[in-house]
Protein chains: 2
Amino acid sequence: MQVHADHDRLFSALADATRRDIVRRALDGAEGVVELAEHYPMSFAAVQKHVAILERAGLVTKHRIGRRKVVRTNVEGLRAAQRLLDQYELLWRARVDRMNAILAESTEATP
Amino acid sequence: MQVHADHDRLFSALADATRRDIVRRALDGAEGVVELAEHYPMSFAAVQKHVAILERAGLVTKHRIGRRKVVRTNVEGLRAAQRLLDQYELLWRARVDRMNAILAESTEATP
DNA sequence: CGCACATACAACCGTATGGTTGTACTTGAT
DNA sequence: ATCAAGTACAACCATACGGTTGTATGTGCG
């Protein structure tokens, strides 16, 4: 149940172009919230909220540097999303394999 | 701009536990909307809406079989999400490589 | 044909979301 | 000690979202 909520937060955090761009920019881990905000046509507070959402989703972390707080992407968060998608792919492949096995059986039974 | 909207739809479709479960179930591509709906504690119409959202996101397709419409997961849709996440990973690795190169340079300059 | 089943869609409701402005708390520089 | 930069947070507003019920549409069967 809790796992689902984590995944909800993860994907809904990624479901916004501004937030995805913040994730991309924060891969360098060099900008504070003010600097980030300057890239987007919205208020500083709005960007701050986006960062907070990404933080709660485990996609970025904040680190104090001087009087700024630098935003840095947490690659492990991205990997969590990748793993979930990989699981679907694995289930799908397993099903394809099962079907192939069945098909192989039936064709070898009818020469 | 349009690409962003596609990605928005893709990830926000995945940002709901019920919808993720529908994606999982529809990997088998065997159930119609009514059968799907029976698995969840909500009305048929609600499930129908979820399926519509997944369909618009390109994550499932519907196929008429008899008087039912079978819901089937579109694995290519899942892959689109994977590719996007992979791109972030690639950017991140590129940055790590750049940093390693810089570090190697500076250490070989100070024997 | 006529009925029942599977699906589709519209109207509505409460709550979450993305945005705004305004105020308050730290921290570094002067 | 003071002031400004950087950040945090609360209150508010419009719209989107997840859910409901109710009504239509289309398809198979007797």
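Just so you know, these numbers come straight off a predicted model, no measurement behind them. Every chain is numbered from 1 and lettered A, B, ... according to where its sequence line falls, protein lines coming before strand lines.
- Within 4.0 Å (heavy atoms only), B:A45 reaches at least one base atom of the nucleic acid.
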query: Given the rule in the side chain to side chain contact (heavy atoms under 4.5 Å, CB included) test, do B:V75 and B:R79 qualify, once you have shown the distances and angles that lead to the verdict?
result: CA-CA 6 Å; B:V75 186; B:R79 296 223 176 96; 3.9 Å; yes

message: Run the side chain to side chain contact (heavy atoms under 4.5 Å, CB included) test on B:L14 and A:L85 for me, step by step, so that the C-alpha distance in whole Å, both residues' side-chain angles and the decisive distance to 0.1 Å come before the verdict.
response: CA-CA 10 Å; B:L14 288 169; A:L85 296 177; 4.0 Å; yes

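- Going from atom CZ of B:F11 over to atom C1' of D:dA16 covers 20 Å, rounded to whole Å.
- Rounded to 10°, the angle separating the first-five-pair axis and the last-five-pair axis of the helix from C:dC1-D:dG30 to C:dT30-D:dA1 equals 20°.
- Cluster note: A:I65 groups with A:V70 through ILVMFWY side-chain heavy atoms spaced under 4.5 Å, whether in direct contact or through intervening members.
- Residues A:V51 and A:I53 do not share a hydrophobic cluster, defined by chaining ILVMFWY side chains whose heavy atoms lie under 4.5 Å apart.
- Residues of residues 23-44 of chain A that place a heavy atom closer than 4.0 Å to DNA chain C, in numerical order, are A:M42, A:S43.
- As a whole-Å value, the separation of A:I53 CD1 from C:dG18 P is 5 Å.
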### Query
side chain to side chain contact (heavy atoms under 4.5 Å, CB included) between B:I22 and B:L59: does it pass, once the steps are laid out?
CA-CA 10 Å; B:I22 291 175; B:L59 281 167; over 6 Å; no

Determine whether B:Y40 and B:D21 satisfy the following criterion, side chain to side chain contact (heavy atoms under 4.5 Å, CB included), listing intermediate values before the conclusion. CA-CA 10 Å; B:Y40 309 106; B:D21 198 66; 2.7 Å; yes

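- With sequence neighbours left out, A:M99 forms a side chain to side chain contact (heavy atoms under 4.5 Å, CB included) with A:R95.
- Partners of A:E76 under the side-chain hydrogen bond (donor to acceptor under 3.5 Å, both in side chains) rule, at least two apart in sequence or in another chain, are A:R83.
- Between B:L54 atom CG and B:T73 atom OG1 the span is 8.0 Å, to the nearest 0.5 Å.
- How far CZ of A:R24 is from CD of B:Q87: 10.5 Å, rounded to the nearest 0.5 Å.
- The phosphate of D:dC17 (OP1 or OP2) has no side-chain N or O of B:H50 nearer than 4.0 angstrom.
- Nucleotide C:dC5 holds its P atom 17 Å from the CD atom of B:Q48, rounded to whole Å.
- In this structure, CG of A:D8 is placed 12 Å from C1' of D:dG18, rounded to the nearest angstrom.
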Can you list the steps and then say if A:H7 with B:R20 is a side-chain hydrogen bond (donor to acceptor under 3.5 Å, both in side chains)?
CA-CA 10 Å; A:H7 293 155; B:R20 285 193 302 273; 4.5 Å; no

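- Near DNA chain C, meaning a heavy atom under 4.0 Å from it, residues 55-69 of chain B has B:K62, B:R67, B:R68, B:K69 in order of number.
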